[in-house]
Amino acid sequence: MTKHGRTLAAPSDSIADEENPNLVPEVHSIHGNVAEALVIKNGNLFFLSEPDGTVPLAPGHGFGLYYHDCRFLNGYELKISGKKPEVLVRNADRGFMATLGLSNPDVNLNGKPLPKHSVEIRWERIASAEDLALVDTLLLQNLTSESISFSLEFQFQAAFEDIFAIRGLFQGKHGVRHPPVWENSVLSFRYDGADEIEREIAIDFSPLPDGMVRNLASYQVELAPRGSQQVRVSLNVSTSEPRKRAARRPTGIKLEESLERAGSWREQATKVQTNSLLLSRVMDRSLSDLRMLRCTLDGGASYFAAGVPWFVALFGRDSIITALQTLAYDLSIAEHTIRLLAKYQGKELNPWREEEPGKILHELRVGEMAHLGEIPHTPYYGTVDATPLWLVLVGKHATWSGETRLFDELRPQIDAALNWIEQYGNADGDGYVKYDCKIEKGLTNQGWKDSGDGIVNADGSLAEPPIALVEVQGYVYQAKIEMAALFRRVGDEQRASALEEQAERLRERFDRDFWVDDGYYALALQQGNRQAAVLSSNTGHALWSGIAQPERAGKIAEWLLSDEMFNGWGVRTLTSAALRYNPLGYHLGTVWPHDNSLIAAGFKRYGLEQEALKIMSGLIEAAVHFQSYRLPELFGGFAQQDYGIPVSYPVACQPQAWSAGAVPYLLTAVLGLEGDGFESKLRIVRPMLPENVNEVEVHGLRVGQGSVDLRFTRSGDHVAAKVQQLKGKMEVILQL
């Protein structure tokens, strides 16, 4: 299954797919709400729990401990004398760790009552990427002046499910799950995978439990007045290569070391300080989530995973856009992303994976079903926009870094990507990059709105393939402009001019064929190059890419900020006037923060500063209403006056990479920061700040070989910029 869309058939028919032909948003088997989940993640290991830190033993939920597309642990309950504790406080703001405060309800142990709130349980949970371990430290504190006693019980469950099975998409082959086994004080669950990989979770206890039966561990706790006791539970994940067991991981994790490792990216990244407490909190949450969503692949190359829990994987589109959003904060992850995607670039015609030479992947999976070939995600290439977006990222990275090093090194892959656009993307030769699903039950739609019903006509009918999306033509235009600049820089004037001419012809043809007389670009061209003439957020991407004619920008902005499209916090994916509009439809009326960030950056590009600020302010205000100021993958499109707060989408990814990148990207956009490393210049173009944000400081902004600290102050509608410190070679130019 690919992100957001319909089921991709395995070689044998999937029962789940026959019963659910339109799997939106791919998690129809999940009955619970993960919107309030407590999430921690470190590297490729992540854990979702209920707000009380536990994982239900009953089925039908998405909570648990995950690693490499497998849920190792799907049940983890804690009880005090047979009853669930009460939650006093919870905090997972650091990303790799969570802290909970719990207390006991009224309980009775062997006829002796334990009054409510007699015990405090301070629960510290740390995820370690290096040790592949989740370590829980529970400090039990007697809050009374009398001796107390109670029992503390732990119960676990491990099913070793592939993430596609959890989401109800496939029921693949099963290996052998062994019964839980106690070895000394270690409770082990082991699974011999059908892919010949052994997976194990070993749970260590300190001190030794008083009771150890099946999947249960229990303590008989005796606490003196004001006394305390500590219990440590270490959940250690291990896997093997076929027929080769992995060594047991160490379980000792020092908080100081985890903090140091977790903070390393933030130390390297550009830092932002502001007088606005709200903006500061949203920025801190966003940058922490971006750090948390970093994953590694192939020996340590970093990329942004798309989102927790469903899409902790390398995604072409999502990983690229997040890298683009964060270029002003850290160039290194963009370089890693470029290299990783180049490594997995399509090399042959493979219909099962929708692979074509030069094509950039959509999704790469590393779980049991992928190993068995039951899903085509090894990788899967069913996306039409990742290839031009990859070229855009190559170009933008070169501009900010002031280097053609990657361009020179990856020239064969760049040529292959450009060739894919012309030979395969534009298969019918009419100049537009299109898609038409090539496998029987594949991804119906292959742009960012890739749900089965995401691309529609004004009359409510589904658009007919082949489909040329409005935003994809913009990405192609932008890719050719970026590549033309690099070819010219390395001395290939002929290739540069040819690409510029192609881009300009596309721009002219695009305006003629996509423009709707009502005042916006159509969502798509469908079979026969007929317009899917419906107002959608996609038209705003034409401003972000620069393909839109300048005279169109004002009318597009007017439509996108009308009551039909703007719900008070952001632009809806589809106009509320459309027959298919649904404020809880995945791509049919919800609000996506990343979508809005690109639209607002497009407004800024065309000189529509106030319009850009309106979207940025709306997103910041929306963040107030979500846990820890975290913008989710998407939220309901209901108007602000309907409920007064944004309506959560129950199974939205939280955190989600390009949502976390939205506000940091918008801040650099409204400040007008444009790096040119080749010229050793930073241009500050018409800087603006949202209302109630009067001061912003940017520290360590790197362009080329230089870095700069900047201070922005607002007085009325005017924003002044001042250089505080300059290191290396850089010229700062203010353009008002």
Side-chain angles (χ1 to χ4, degrees), residues 1-5 8 43-44 68-69 163-164 195 293-307 311-324 332-395 397 406-407 409-421 423-425 433 435 438-439 442-443 446-448 450 475 479 483 657-658:
M1 183 66 214
T2 68
K3 187 173 183 293
H4 313 320
L8 287 165
N44 300 323
H68 279 181
D69 292 335
I163 196 164
F164 289 90
D195 57 354
L293 286 164
R294 284 176 73 114
C295 284
T296 58
L297 189 67
D298 296 347
S302 296
Y303 65 92
F304 288 116
F311 308 116
V312 180
L314 178 64
F315 274 83
R317 176 192 312 119
D318 298 53
S319 299
I320 290 169
I321 287 179
T322 311
L324 284 166
S332 65
I333 199 164
E335 178 171 344
H336 284 206
T337 303
I338 290 166
R339 290 185 184 279
L340 271 176
L341 293 173
K343 177 178 180 179
Y344 289 99
Q345 187 177 35
K347 295 178 175 59
E348 62 182 16
L349 290 172
N350 185 327
W352 165 237
R353 301 191 305 187
E354 296 205 66
E355 178 182 3
E356 293 164 339
K359 198 174 187 182
I360 297 299
L361 66 82
H362 175 61
E363 179 180 1
L364 175 66
R365 291 291 183 169
V366 294
E368 186 176 24
M369 288 185 175
H371 293 157
L372 293 171
E374 294 176 331
I375 54 175
H377 302 67
T378 56
Y380 174 62
Y381 292 86
T383 176
V384 73
D385 54 10
T387 306
L389 283 171
W390 180 76
L391 292 169
V392 171
L393 182 59
V394 171
H397 175 272
L406 272 182
F407 177 78
E409 179 184 335
L410 300 177
R411 180 70 175 270
Q413 291 88 343
I414 288 166
D415 287 337
L418 288 167
N419 184 66
W420 178 85
I421 289 173
Q423 182 175 348
Y424 298 99
V433 170
Y435 64 86
K438 295 180 174 62
I439 57 178
L443 192 58
Q446 300 192 351
W448 85 263
D450 56 4
Y475 303 161
M483 290 302 100
W658 59 17

remark   = Leu364 and Thr378 have their tightest heavy-atom pair at CD1-C, 4.0 Å

query = Side chains of Trp448 and Leu389: closer than 4.5 Å at any heavy-atom pair?
reply = no

task = For residues Lys347 and Glu355, report the shortest heavy-atom separation together with the two atoms involved.
result = N-OE2, 2.9 Å

note = All heavy atoms of Trp658 vs all of Thr322, minimum pair found to be N-OG1, 3.4 Å

Distance in Å, Leu406 CG paired with Arg411 CZ, rounded so as to fall on 0.5 Å steps = 14.0 Å

message = Please verify the inter-ring angle class for Phe311 with Phe315; under 30° counts as parallel, over 60° as perpendicular, anything in between as tilted.
response = perpendicular

query = About how many Å separate OG of Ser302 and CD of Glu335, when rounded to the nearest 0.5 Å?
reply = 11.0 Å

note = All heavy atoms of Gln345 vs all of Ala416, minimum pair found to be NE2-CB, 3.9 Å

inquiry  = I'd like to know whether Tyr381 forms a side-chain hydrogen bond (donor to acceptor under 3.5 Å, both in side chains) with Glu356, so could you lay out the CA-CA distance, the side-chain angles of the two residues, the decisive distance to 0.1 Å, and finally the verdict.
reply    = CA-CA 8 Å; Tyr381 292 86; Glu356 293 164 339; over 6 Å; no

Test side-chain contact (heavy atoms from CB on, under 4.5 Å) applied to Val433 and Val384, Thr387, Asp385, the passing residue = Val384

key: Step-by-step side-chain contact (heavy atoms from CB on, under 4.5 Å) determination, Glu368 to Glu374   = CA-CA 9 Å; Glu368 186 176 24; Glu374 294 176 331; over 6 Å; no

ask   = Should Glu409 and Arg339 count as an ion pair when the cut-off is N to O under 4.0 Å?
value = yes

inquiry  = Please confirm whether the ring centroid of His336 lies under 6.0 Å from the ring centroid of Tyr303.
reply    = no

Close side-chain approach of Leu314 to Glu363, heavy-atom, < 4.5 Å = no

task = Using ring pair (Phe, Tyr, Trp, His ring centres under 6.0 Å) as the criterion, list what pairs up with Tyr344, not counting sequence neighbours.
result = none

query = Please walk me through it: do Asn44 and Val312 pass side-chain contact (heavy atoms from CB on, under 4.5 Å)?
reply = CA-CA 8 Å; Asn44 300 323; Val312 180; 5.7 Å; no

request  = Would you name the heavy atoms of Phe304 and Ala657 that are closest together and state the gap between them?
outcome  = CB-CB, 4.2 Å

remark   = All heavy atoms of Lys359 vs all of Thr383, minimum pair found to be CE-O, 3.1 Å

inquiry  = Working note: Leu372 + Met369, criterion side-chain contact (heavy atoms from CB on, under 4.5 Å); need CA distance, chi angles, decisive distance, verdict.
reply    = CA-CA 5 Å; Leu372 293 171; Met369 288 185 175; 5.8 Å; no

key: His362 and Leu443: CA distance, side-chain angles, deciding distance, side-chain contact (heavy atoms from CB on, under 4.5 Å) verdict   = CA-CA 11 Å; His362 175 61; Leu443 192 58; 4.2 Å; yes

request  = Quick one: list whatever passes side-chain hydrogen bond (donor to acceptor under 3.5 Å, both in side chains) with His68, sequence neighbours left out.
outcome  = none

query = Does any non-hydrogen side-chain atom of Glu348 lie less than 4.5 Å from one of Pro357?
reply = no

message = Nearest 0.5 angstrom please: Leu361 CG to Arg317 CZ, how far?
response = 11.0 Å

message = Once side-chain contact (heavy atoms from CB on, under 4.5 Å) is applied, do any residues pair with Asp69, and if so which ones, sequence neighbours excluded?
response = Ile163, Arg365, Val366

Separation between OG of Ser319 and CG of Leu324, rounded to the nearest 0.5 Å = 11.0 Å

request  = Please step through side-chain hydrogen bond (donor to acceptor under 3.5 Å, both in side chains) for the pair Gln423 and Asn419, ending with a clear verdict.
outcome  = CA-CA 6 Å; Gln423 182 175 348; Asn419 184 66; 3.0 Å; yes

message = Do Val392 and Ile320 make a side-chain contact, defined as non-hydrogen atoms from C-beta onward lying under 4.5 Å apart?
response = no

task = Check whether any side-chain N or O of Trp390 sits under 3.5 Å from a backbone N or O of Ile338 as a donor-acceptor pair, and report yes or no.
result = yes

